[in-house]
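Contents: one structure, followed by commentary.
Below, chains carry the letters A, B, ... as their sequence lines are ordered, and counting in each starts from 1.
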Protein chains: 2
Amino acid sequence: MKKVSLKDIATEAGVSTALVSYVLTNKEKEARVGEEIAKKIRAIAHKLNYQPNHIARSLKSGRSFTIGLIVADISNPFFGNIARTIEDEAKRNNYTVIFGSSDENVDKSGDLINVLLNRQVDGLIITPTEGSEEQISQLKAQKVPFVLIDRFFPEIEASHIAVNNYEAAYHAVSHLVKTGRKRIGMVAYKTSLHHIGERKRGYKEALLAHHMTSGNTLLKSARYSHLAADIRLSIDQLLSGRHPADAIFFATNSLAIEGLKYINSLGIRIPDQLAVITFDESEALDLFYSPVTFVRQPILEMGRAAVRVLLEEIKDNKKEIEHICIDTSLVIRKSCGSR
Amino acid sequence: MKKVSLKDIATEAGVSTALVSYVLTNKEKEARVGEEIAKKIRAIAHKLNYQPNHIARSLKSGRSFTIGLIVADISNPFFGNIARTIEDEAKRNNYTVIFGSSDENVDKSGDLINVLLNRQVDGLIITPTEGSEEQISQLKAQKVPFVLIDRFFPEIEASHIAVNNYEAAYHAVSHLVKTGRKRIGMVAYKTSLHHIGERKRGYKEALLAHHMTSGNTLLKSARYSHLAADIRLSIDQLLSGRHPADAIFFATNSLAIEGLKYINSLGIRIPDQLAVITFDESEALDLFYSPVTFVRQPILEMGRAAVRVLLEEIKDNKKEIEHICIDTSLVIRKSCGSR
DNA sequence: CTTGTTTCCTTAAACGTTTAAGCATATTTT
DNA sequence: AAAATATGCTTAAACGTTTAAGGAAACAAG
């Protein structure tokens with residue numbers, strides 16, 4: 001079944017391909033196409049089930065109507081959901097999405113950026129990995145339209161969509177204080193990524209504001225590459241000694257899940273012995289015997305904003321950079337006990 | 001920063017674009033290009049940082065080196081992981097992936113198929129939704145290369161990758177029998193999809209083989225569209241009456257997670273009061289206080305097989321259809337108690 | 001010295017669109 | 001009646017590649 005082209009329709013209608021093109025792209029008015037012949041062309045196109053060739057169109061227009069999406073880890077439902085909303089929103093705007101997962105690896109990220117650019121995507125939505133500053137700067141230098149989501153580099157002026165990480169963390173920790181916790185620990189990633197830094201800062205400032213002096217001693221960081229082991233160590237440290245922590249704030253869902261697995265294995269009861277609070281929702285945390293209180297990131301809004309900003313940048317190259325900060329909400333459940 | 005084309009290189013080297021093309025696609029031998037000029041062309045290409053235009057290439061070759069992926073629900077980690085392995089494997093073969101999530105909706109699935117075909121994907125990998133038989137048949141009639149994954153329609157001769165659903169279910173139920181359970185229930189989806197049917201059949205046959213007469217009375221089905229409510233109802237039915245079930249086999253991870261949420265809320269203890277076993281792994285089921293015994297589907301293998309079969313079909317249009325059945329394994333944990 | 005062969009390069013068409021420019025013919029305006 | 005405008009279509013170039021065909025020069029063989 002050979003693909004039907006404009007030429008086939010033109011031949012059958014006994015006109016030139018130009019005319020067919022005008023009609024099928026609804027430019028009959030500007031091109032002053034006769035009503036009858038327009039109708040005829042449409043009928044034939046329909047009869048032959050004509051489907052325009054996007055590739056030829058792209059070559060001509062220099063635009064592919066495709067956006068590239070690079071997420072940090074597509075197997076994490078947080079990013080899976082982001083991907084879904086972005087794909088939906090893109091489709092609503094007649095764009096398709098090519099995607100890749102960088103798996104938090106700089107090299108893979110660089111690779112993906114190259115592949116996607118070679119595929120002539122019109123723009124990129126990226127959750128940048130640690131150490132990808134240069135890649136991002138280069139995109140900027142090349143004037144490729146792009147938007148960062150979830151994370152960004154404060155030193156690089158670029159459009160991004162993020163949440164109020166500092167305030168959210170501050171708020172979460174304050175909640176723990178309100179529910180009577182005295183020694184609040186935090187488990188985060190060992191990373192230079194700014195969003196995690198902000199969450200740490202929110203934690204520290206909240207402690208300070210409530211005159212809790214635990215300072216840095218109760219703030220632990222795990223390496224992404226040695227997650228399980230580092231988390232175990234962190235928790236051991238937090239829960240040992242004369243004054244063990246009575247609450248832990250996890251900086252992401254994967255930290256919380258891995259941490260709670262270990263806490264389970266230690267036989268520690270939530271919230272009686274230990275309060276737990278985390279960033280991000282997850283089915284695992286719903287199903288937990290003591291559903292975990294969490295900071296909800298409005299994924300739908302984030303995804304939509306990312307697509308909107310990107311498409312605006314694509315359409316208007318001169319558009320100024322946009323920093324969008326979206327508010328989170330704290331969803332209180334059982335894992336912190338009650339006040 | 002204008003894109004560098006073959007013409008730019010040709011101009012700078014003082015040769016025709018043809019020569020440049022031959023060199024840069026490593027056809028110097030066949031085209032008998034002079035060594036010196038080849039070296040020069042390469043040097044200039046490198047200096048100008050030439051990146052081939054995939055779109056132009058695709059238009060010429062009629063191939064886009066892109067595959068379309070339609071998953072049932074990208075926010076489900078099972079499909080997220082499938083997507084990841086497919087993307088990885090595709091990239092290794094110099095293919096990129098355009099994706100969409102059908103959300104188990106026939107109309108959306110049809111939409112996506114059209115969009116992806118319009119984008120001239122070279123082939124499709126699809127987890128077909130219920131009722132999409134016609135869409136699949138049409139793909140077949142149009143001779144579009146495609147591979148079904150996770151599910152398939154027995155009445156449509158098409159390549160697919162699936163697991164041994166019947167045997168896996170049979171094995172899972174047998175395990176429950178071995179651990180001493182007497183009244184084994186099942187919660188599945190209300191669907192005509194074959195893979196779920198096979199899981200149900202495996203359940204029933206296993207009961208039969210072990211002379212358990214519970215027959216259909218303990219087999220409950222929930223509608224995808226009313227998941228939470230139907231699951232609650234199913235579990236209520238299973239656990240009520242004079243002879244409540246002492247074990248439940250869930251047909252998928254989402255059923256298990258939703259079901260366990262409800263079971264939790266009823267205060268029922270696993271595995272003492274009730275044994276639980278399910279298809280698919282999930283962090284939620286790891287974190288559960290009594291980690292859930294499950295049927296593991298080898299996602300990596302499935303994804304790789306799907307890409308391999310699809311690329312073979314793309315390369316060789318005459319290739320015969322391939323049915324790949326991959327073995328699962330039962331991962332035994334605490335949720336069924338011990339023998 | 002012709003003829004044949006090899007070597008190295010160019011020409012030009014093609015893929016399927018879009019769109020500016022042009023060209024008849026018909027109609028209106030002066 | 002001549003000039004201007006409107007109408008309805010076609011021509012042809014362009015987007016960036018690939019690749020079959022051809023051609024000129026150099027050399028070898030007869």
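Residue B:Thr25 is classed as a sugar-phosphate contact, given heavy-atom separations below 4.0 Å to backbone atoms only. The residue B:Gly62 sits apart from the nucleic acid: no heavy atom pair falls under 4.0 Å.
Protein atom CG of B:Leu24 is 8 Å distant from nucleotide atom P of D:dT18, rounded to whole Å. Rounding to whole angstrom units, NZ of residue A:Lys7 and P of C:dA14 are separated by 7 Å. When rounded to the nearest whole Å, the span between NZ of A:Lys27 and P of C:dA20 equals 9 Å. Between the NZ atom of B:Lys3 and the C1' atom of D:dT17 there is a distance of 14 Å, given to the nearest Å. In this structure, the CD1 atom of B:Ile55 is 15 Å from the C1' atom of C:dT18, given to the nearest Å. Spacing between atom CD of A:Glu36 and atom C1' of D:dT7 amounts to 14 Å, rounded to whole angstrom units. Rounded to whole Å, the distance from NZ on B:Lys29 to C1' on C:dC8 is 15 Å. The distance from atom CD of B:Glu30 to atom P of C:dC9 is 16 Å, rounded to the nearest whole Å.
A salt bridge links A:Arg308 and A:Glu312; the closest N-O separation between the charged side-chain nitrogens and carboxylate oxygens is under 4.0 Å. Checked for salt-bridge contact, B:Glu301 and B:Arg304 miss the test: no charged N lies under 4.0 Å from a carboxylate O.
The nucleotide whose nearest atom lies closest to any side-chain atom of B:Arg57 is, among D:dT10, D:dT18, C:dG16, D:dT18. Of the listed nucleotides (D:dT17, D:dT18, D:dT11), D:dT17 has the atom at the smallest distance from the side chain of B:Ser5. Comparing C:dA12, C:dT17, C:dT18 against the side chain of A:Asn53 picks out C:dT17 as the nearest. Nearest to the side-chain atoms of A:Leu59 among the listed nucleotides C:dA20, D:dT19, D:dG16 stands D:dG16. The nucleotide whose nearest atom lies closest to any side-chain atom of A:Tyr22 is, among D:dT18, C:dT19, D:dC9, C:dT19. Across C:dT18, D:dT17, D:dC9, the shortest atom-to-atom separation from the side chain of A:Arg32 is found for D:dC9. With D:dT18, D:dT10, C:dC9 as the candidates, the nucleotide lying closest to the side chain of A:Leu19 is D:dT10.
Toward the 5′ end of DNA chain C lies the nearest nucleotide of B:Ile37, the other residue of the pair B:Ile37 and A:Leu6 mapping further downstream. Each of B:Ala18 and B:Ala56 was matched to the nucleotide of DNA chain D holding its nearest heavy atom; the match closer to the 5' end belongs to B:Ala56.
A heavy-atom distance below 4.5 Å is not found between the side chains of A:Ile125 and A:Ile82. The closest side-chain heavy-atom distance from B:Thr85 to B:Met302 is not below 4.5 Å.
Within the 4.0 Å cut-off from OP1 or OP2 of D:dT11, not a single side-chain nitrogen or oxygen of A:Ser16 is found. For D:dT18, the OP1/OP2 oxygens have no side-chain nitrogen or oxygen of B:Ser61 closer than 4.0 Å.
With hydrogens and angles ignored, no donor-acceptor pair closer than 3.5 Å exists between the side chain of A:Lys60 and the base of C:dT17.
Of the listed residues (A:Ile321, A:Leu310, A:Ile149), just one forms a side chain to side chain contact (heavy atoms under 4.5 Å, CB included) with A:Ser159, and that residue is A:Ile321.
Of the N and O atoms on the side chains of B:Tyr95 and B:Arg63, at least one donor lies less than 3.5 Å from an acceptor on the other residue.
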